[in-house]
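Let me begin by presenting the structure, written as structure tokens, before commenting on it.
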Amino acid sequence: MSLLGGGILKGMAVTLRNFVGSYFDRDRLTTNDYAWRAGDSLPQHAGEYPKEEGEQLRDTTTVSQYSRNFPMLLHDEGEAMDTIRCVACQICERECPPQCIYIEKSTEKMERGGNKAQFYPAKFDIDVSVCMSCQICVEVCPFDAIVMNSQFELSTSNRFGGLLLRRDDLLKSNGYYHKIHPEEAAARDRRMAEEKAAKEAKKKAAAEAARKKAEEKAKAEAEADDKKQEDTQ
Amino acid sequence: MSSATATAPNYELIQQDGLDTGLLEVSMGPHHPSTHGVFRMDVKLDGETVVDLSPVFGYLHRNHEKLAENMSYLGSMPFTDRLDYFNSMTNNWAYALAAEKLVEIEVPERAEYLRVIMAELTRLVNHLSLVGFFVNDLGALGTPLLYAFREREKILDLFEQASGARMMCNYFRFGGLRNDVPEGWLDRAREVVDRFPVFLDEYEKLLCENEIILSRTQGVGNLSRDLAISAGITGPMLRASGERYDLRKVDRYGIYDRFQFRVPYSDGDVGDCYDRFIVRMLEMRESIGILKQALDGIEHGPVLGNAPKVFKPKPAEVYGRVEAPKGELGFYLIADGTPKPYRYRVRPPSLINLTVLRDMCLGQKVADAVIILGSIDIVLGEVDR
Amino acid sequence: MAAPGQSQRPTAGGSHGVSERSHEPVLQQFPEAEWDEAAGAIIAPLGQARALAEWLLGQGVDYCSNVTGVDYLEREVKEKVTGEDGKVETVTRTEPGRMDVVYHLYSMRKQTGPLVLKQRTGREHPQVQSLTPVWRSCELQEREVYDLFGVDFTGHPDQRRILMWDEFEGHPMRKDYTEPFDYEWEPTPHDEILDKHQRGKVIV
């Protein structure tokens, strides 16, 4: 160190550079307005925040498409309760680490989308004041019925129950899911279609095998009958 | 090194005629801004000199271990995020590593690379903010810390894109990772990594030669190598005391044996606050080197091995440890054949590094006690669990 | 130190380059020590743990990484025993409850480890020797074991509660600990959820 205080001067030069630079280069701004980051190559937030009270947010663009917040229930296109995917198997309720899910199974089964009749959740509550956004419910769900929402404007003036989301608050369409998490939703749909196709192929193969077996059996029986007839003759 | 118990230096109260110079007991914390959370030190002062000090823990205790013992193996993965909430990725890795030893799952190649990338990014985040907080404790309020946080945000954006959350990532699974990174993520990561040295140069210019930092940190909070080893100090703090012990080199867990990197350590047998600060700055450079190699070497493939659907290991005992940014983070698991661990233990580097806090602070000024605590690098989520 | 180019990967369950027989010299030196094959641990003979630790320190085991307690309740074990006449019988025997204190030891200088050392004691008034005078890193961790398991460490320089407050009763990490049902919460809609889980979960 040649000059006493030289290190400090060097440091001051850095802060000056950052200070002046922040007028020209957004990267040098230490506090970043989210709206400013739109169009940057790196952060994917095309975000905006209401500048004035009451200004409506475009719900789907406020956060990155990869961000997750609290779970929601999916239904396919159509009336929400008619196409709900959840069959109230209660796996998520069991696996939820902070135990924030509460499910009551329906008493009777319901048919949806031409599939086998299944139960549905009569009650499905998620206490988002307990939920820790870990996504384990999504992972364990075998029916792709629960996924993560990215909505974060959840503040409420009701202390009791305002943060307890009921089934009907949680129900969101698959279209909405595609809007908030396009990549993830597309991948999920692809996988579901593949699984369905595989299942159908398996079913078909099983049916084919059963038909063949039945044919062979019939053939064998017929042959046996023929033989019997021959014998009697 | 055989006698390892702490001995306070013989201290005689300065008595002047006509002056009542009693000892002053100060309770620093739990809401002291410099204590990085809810940590309390009971300090006995003579004037400004620290005569005695005893750390008080437990304000953030939630018995993580008991929670985990009443939960499936997978269920406590998100809770590990909340141990050292700056470094959720390395916490996840330590737990996954221990659990993988229980059932011997093979981790796919791509997942191993991504694990290294995530862990090294985490190390950058941790050291960066630690340096920011450290100079904050020295009195450089705000500016260096905000520069650090500005860069940290870029890495947290990467974490969010990969895992869905900035800090509570919950990204690792037994046998790999939860999901693959989205398309284009690796390019964005490379962009961040390539631009990082530019910032580091600037940061070093800002801090490393600053006379105030030099005079405040050099010779303050001395920790000898023998005491550091005996007290189980790990991580940058140990290496600043002259012991070259890095689990990435010793255990070579994951695929760390494939990368060329050096382990920064101070030559000499005693480390002070400045050594600890500089070792962390140097480690960031090495992390960037590892990241570049990993980003070059990664190939396409699956990210999740053939993990069993129901995780139910046979009775066994394992201890898995990784080099977390704060030191050796270990998980000790005892399985008894049920889906819940019989015993689940976290070896918290932050807590054990605090063993020597008293030894380092005795005889120093009270303002220096704050710096010494800052140089240890603790996160109370991990200290108290 | 492993040479940088060396690309020998440790196996998943392996002991990281340490020879599997590292416990044998210990058993030679202390013939009363037991070797628990299943756990891979040396069980220190009663009252000799401190001497064993000091001997290990002299052998270069300079780093005690992890200290923890394990609580085993009394339980019934069913075993199949082949009798003299060749008949296989199922015998039920009661395994007494016990308390283990586990130490994971490494050598920094030689870069070897782990060597697992256990001190075994009963569940009622558990008492073991403190190894803090040997390895300083045990100081806070043994305090934690004292706090959460109630194990008494003789020779510990500063044994008091660490994570729980001083007036706290009981030792929460013990398997038979029941949490006192004295929580007060406001009548929020969480209650039915909490109640359901309270009913559904057996708190041991």
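To find a chain, count down the sequence lines: A is the first, B the second, and so on, and within it residues start at 1.
- Interface remark: B:Ile213 contributes no atoms to any contact with chain A (heavy atom separation under 4.5 Å).
- Side-chain contact between A:Val128 and A:Cys100: absent, with no pair of heavy atoms (C-beta onward) separated by less than 4.5 Å.
- Contact check for A:Asp189 versus A:His178: side-chain heavy atoms found under the 4.5 Å cut-off.
- Most heavy-atom pairs under 4.5 Å with chain A: of the set B:Arg82, B:Met77, B:Glu183, B:Glu151, this distinction falls to B:Arg82.
- Residue A:Glu184: no heavy atom, backbone or side chain, is found under 4.5 Å from chain B.
- The pair A:Asp76-A:Arg85 counts as a salt bridge, with a side-chain nitrogen and a carboxylate oxygen less than 4.0 angstrom apart.
- When the candidates A:His181, A:Met148, A:Met132 are compared by the number of heavy-atom contacts under 4.5 Å with chain B, A:Met132 comes out ahead.
- Interface check for chain B: of the options A:Ile136, A:Asn18, A:Thr15, the most heavy-atom pairs under 4.5 Å are formed by A:Asn18.
- Interface remark: B:Tyr203 contributes no atoms to any contact with chain A (heavy atom separation under 4.5 Å).
- Looking only at side-chain heavy atoms (C-beta outward), B:Ser129 and B:Phe86 come within less than 4.5 Å of each other.
- Using a 4.5 Å heavy-atom cutoff, the side chains of B:Pro313 and B:Tyr73 are in contact.
- Distance OH/B:Tyr95 to OH/B:Tyr344: 5.5 Å, rounded to 0.5 Å.
- In terms of heavy-atom pairs under 4.5 angstrom with chain A, the leader among B:Asp81, B:Asp187, B:Leu206 is B:Leu206.
- If you measure heavy-atom distances from B:Cys169 to chain A, the contacts under 4.5 Å come from the backbone alone.
- With a 4.5 Å cut-off on non-hydrogen atoms, A:Arg94 does not touch chain B at all.
- A cation-pi arrangement is absent between A:Lys179 and A:Tyr176, since the terminal nitrogen or guanidinium carbon is not both under 6.0 Å from the aromatic centre and inside a 45° cone about the axis.
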